[in-house]
*Asks:* 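Handing you this structure, nothing more for now.
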Amino acid sequence: IILAWSEGGSLGNIFDPLVFKEILSIFITSSILNLGKATLDIIFNWRARRTMEFMVKLRYVLKFILAAMWVVLLSVTYAYTWEKPTGIIRTIKNWFGNGPDQPSLFIIAVVVYLLPDMLAAVLFALPLLRRKLEGSDYKLMRLIMWWSQTRLFVGRGMHESAFSLFMYTMFWVALLLTKFVFSYYVEIKPLVEPTKDIMKFPINHFRWHEFFPRAKGNIGVVISLWAPVILVYFMDTQIWYTIFSTLVGGVYGAFQRLGEIRTLGMLRSRFDSIPLAVNDCLVPVETSDARRKKGLRSNFKNRFKEMTHEDKEKVAARFAQMWNEIVSSFREEDLIDNREKELLLVPYVADQGLRVTQWPPFLLASMVPIAVDMAKDSNGKDRDLKKRIENDYYFSCAIKECYASCKNIINDLVHGEQEKRVINTIFTEVEKCIAEDKVITDLNMQSLPDLYNKFVELVEFLKKNDEKDRVAVIKIFQDMLEVVTRDIMEDQLPSILESSHGGSYQRPEGMTAWDNEYQLFQPSGAIKFPLEVSTEAWKEKVLLKK
């Protein structure tokens, strides 16, 4: 306002001695604001005065006294810089006597007043020096720290690097410089000439003259003209901060490649490269720099596929901890619900019996039903299914994990010796077909959806784990055995039946194969249900299969 009010309203007027002397009054304004801050500190902490230590109370009182002294000292010394003062400056000079002008005294007072800020700026620019001073035991250093920080200040000794502080300072310098230039040329300067014209216009009769008894112009119009501009002046810093943070954040994010993965399809296609990238970039390793450079530049996805199972487990376990913490924080911040959290989490408990790499359920969702339908419609030709398995890594993982988990669950539930022989024979035949690549050609996949639906029902009962459902679980096991032996593995039925009777099975005349099979799973110890102890691994396994 002082610059805009000067003759011509140019920024170059700051070099004019009279204008510069008026601008020096900003230090008085600063001291008044510090006094207000010290006063508010006392007011806001007044109720806690009984629990405060004496040294804390002393600091509040000394800061208030010092702030008040600076207001008086700067005002008085500033008044003596003017030869022919007017207004409040003349009043102050009359109070303290019309002595000789001492402009240098005010400059010295300003330099002393700014010394703490200068010291803070130096320490801000040199974080290493600040860290050493904050940890020093010298009495002078402890006195300075006591004056500027509380004894329990949590940020003591914790500072960013010098480059980070420099970039942070440049951000705010650019922001405030833009704000001041805009405010000067758009908000302040255009109002100066209209204000001067309004004040020149004489008014002889005031309706409410008692509010401004000495006013010579229409001060009410001036207030109504400037009040909105002053409010905007104090508020638009937030607007400029929003603009600058958006621009700087966008540029920084572009260099950091943030937002490169924008769709679920892109996430699925790149997710299997994340564990190895996290292991190479974030996990400390004992390898050489050449290995690290190789890890950063090589193809993460291919490297992960080529690793041994033990190495995959180590990498996946490290990644799972970090990924699950991220997903859990999303839930704590209410960005996702419980169902979404379950789909995003990597299985917490590693199941050594599966011998497969487990991925979050959202990557494998709906792939097993698709594989079942494709197998059903294959008609003995596995070309389409093979092509899908070869081209989609997660499709292959979903099939392997589903088969391994189903086998694991069934083996955990079935405890009867005769039943175990039947189950083991079935799995042996299936794995033989898998090894010979004859699953589609040797097995009848038409009834695979029925087996899939029965297993889904079994998982629902396992979730409830209720004694009342034992009969239903036995019936499901018998139905699954019927589907496998009568429909899917029709050609292998005699050998399976013989293994279930110790190799000496002979079918009596008039009795079908299923008449004797149906007695399987009936004894009390044949199936372990309900489960007496459900471990976290078991619960997680059942939930994921659902």
Side-chain angles (χ1 to χ4, degrees), residues 2 20-82 85 87-97 99-127 129-159 169 172 176 234:
I2 294 173
F20 185 74
K21 187 180 293 187
E22 292 178 354
I23 292 176
L24 290 178
S25 62
I26 62 174
F27 296 107
I28 301 176
T29 305
S30 174
S31 64
I32 295 174
L33 292 176
N34 283 336
L35 178 60
K37 180 178 180 298
T39 304
L40 291 176
D41 286 340
I42 295 176
I43 294 174
F44 291 151
N45 291 279
W46 182 255
R47 291 190 176 183
R49 65 188 185 280
R50 300 183 185 278
T51 59
M52 283 185 184
E53 296 180 357
F54 173 75
M55 298 302 292
V56 178
K57 297 179 183 179
L58 180 62
R59 185 178 63 217
Y60 283 128
V61 173
L62 290 179
K63 283 191 173 184
F64 176 81
I65 295 174
L66 188 61
M69 290 175 57
W70 276 118
V71 172
V72 176
L73 182 61
L74 291 176
S75 300
V76 172
T77 54
Y78 182 75
Y80 279 95
T81 61
W82 293 87
I88 189 172
I89 298 177
R90 182 174 61 184
T91 303
I92 294 174
K93 199 169 184 180
N94 291 334
W95 286 350
F96 291 90
D101 301 327
Q102 295 290 339
S104 60
L105 188 61
F106 176 71
I107 300 301
I108 295 174
V110 169
V111 172
V112 176
Y113 174 75
L114 293 178
L115 279 178
D117 296 317
M118 295 179 184
L119 178 60
V122 172
L123 294 179
F124 179 80
L126 301 174
L129 177 60
R130 182 179 178 181
R131 191 179 299 113
K132 289 185 177 180
L133 293 179
E134 288 181 350
S136 175
D137 292 331
Y138 289 104
K139 294 183 179 181
L140 179 60
M141 294 298 102
R142 295 181 64 180
L143 177 62
I144 295 175
M145 292 300 105
W146 169 79
W147 182 262
S148 60
Q149 300 175 357
T150 60
R151 187 170 61 88
L152 299 178
F153 180 63
V154 296
R156 182 176 291 114
M158 301 171 59
H159 309 292
T169 304
W172 280 104
L176 293 176
F234 286 120

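Since this is a predicted model, take the numbers as computed values, not measurements. Quick note: numbers below take in every heavy atom, side chains included, and nothing from hydrogens, waters or symmetry partners.
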*Asks:* Taking atom OH of Tyr78 and atom CG of Leu73, what is their separation to the nearest 0.5 Å?
*Replies:* 15.0 Å
*Asks:* Distance from Ile32 atom CD1 to Ile26 atom CD1, nearest 0.5 Å?
*Replies:* 12.5 Å
*Asks:* Show, in sequence, the C-alpha distance, side-chain angles and deciding distance for Leu62 and Arg59, and conclude whether the side-chain contact (heavy atoms from CB on, under 4.5 Å) test is met.
*Replies:* CA-CA 5 Å; Leu62 290 179; Arg59 185 178 63 217; 5.9 Å; no
*Asks:* Rounded to the nearest 0.5 Å, how far apart are CG of Leu40 and CZ of Phe64?
*Replies:* 11.0 Å
*Asks:* Taking salt bridge (Lys or Arg N to Asp or Glu O under 4.0 Å) as the definition, give me every residue that meets it alongside Lys57, ordered by chain and number, with sequence neighbours left out.
*Replies:* none
*Asks:* Indicate the atoms forming the closest heavy-atom contact of Tyr60 with Asn45, along with that distance.
*Replies:* OH-ND2, 3.5 Å
*Asks:* Side chains of Leu74 and Ser30: closer than 4.5 Å at any heavy-atom pair?
*Replies:* no
*Asks:* Of the non-hydrogen atoms in Val112 and Pro116, which two are nearest, and what is the gap between them?
*Replies:* O-CD, 3.7 Å
*Asks:* What do you reckon, is CE of Met52 surrounded by more than 12 foreign heavy atoms closer than 6.0 Å?
*Replies:* yes
*Asks:* Of all the heavy-atom pairs spanning Ala67 and Leu35, show the shortest one and how long it is.
*Replies:* CB-CA, 3.6 Å
*Asks:* After noting the C-alpha distance and the side-chain angles of Leu66 and Lys63, does the key distance pass the side-chain contact (heavy atoms from CB on, under 4.5 Å) rule?
*Replies:* CA-CA 5 Å; Leu66 188 61; Lys63 283 191 173 184; 5.8 Å; no
*Asks:* Take Phe27 and Leu114, measure what side-chain contact (heavy atoms from CB on, under 4.5 Å) needs, and give me the verdict at the end.
*Replies:* CA-CA 9 Å; Phe27 296 107; Leu114 293 178; 3.7 Å; yes
*Asks:* Please step through side-chain contact (heavy atoms from CB on, under 4.5 Å) for the pair Thr77 and Val110, ending with a clear verdict.
*Replies:* CA-CA 10 Å; Thr77 54; Val110 169; over 6 Å; no
*Asks:* Find the distance between CG (Asn34) and OG1 (Thr39) and round it off to the nearest 0.5 Å.
*Replies:* 10.5 Å
*Asks:* Roughly how far, to the nearest 0.5 Å, is the OG1 atom of Thr169 from the CH2 atom of Trp172?
*Replies:* 11.5 Å
*Asks:* Can you name the residues that form a ring-ring contact (aromatic ring centres under 6.0 Å, His included) with Tyr113, not counting sequence neighbours?
*Replies:* Trp70
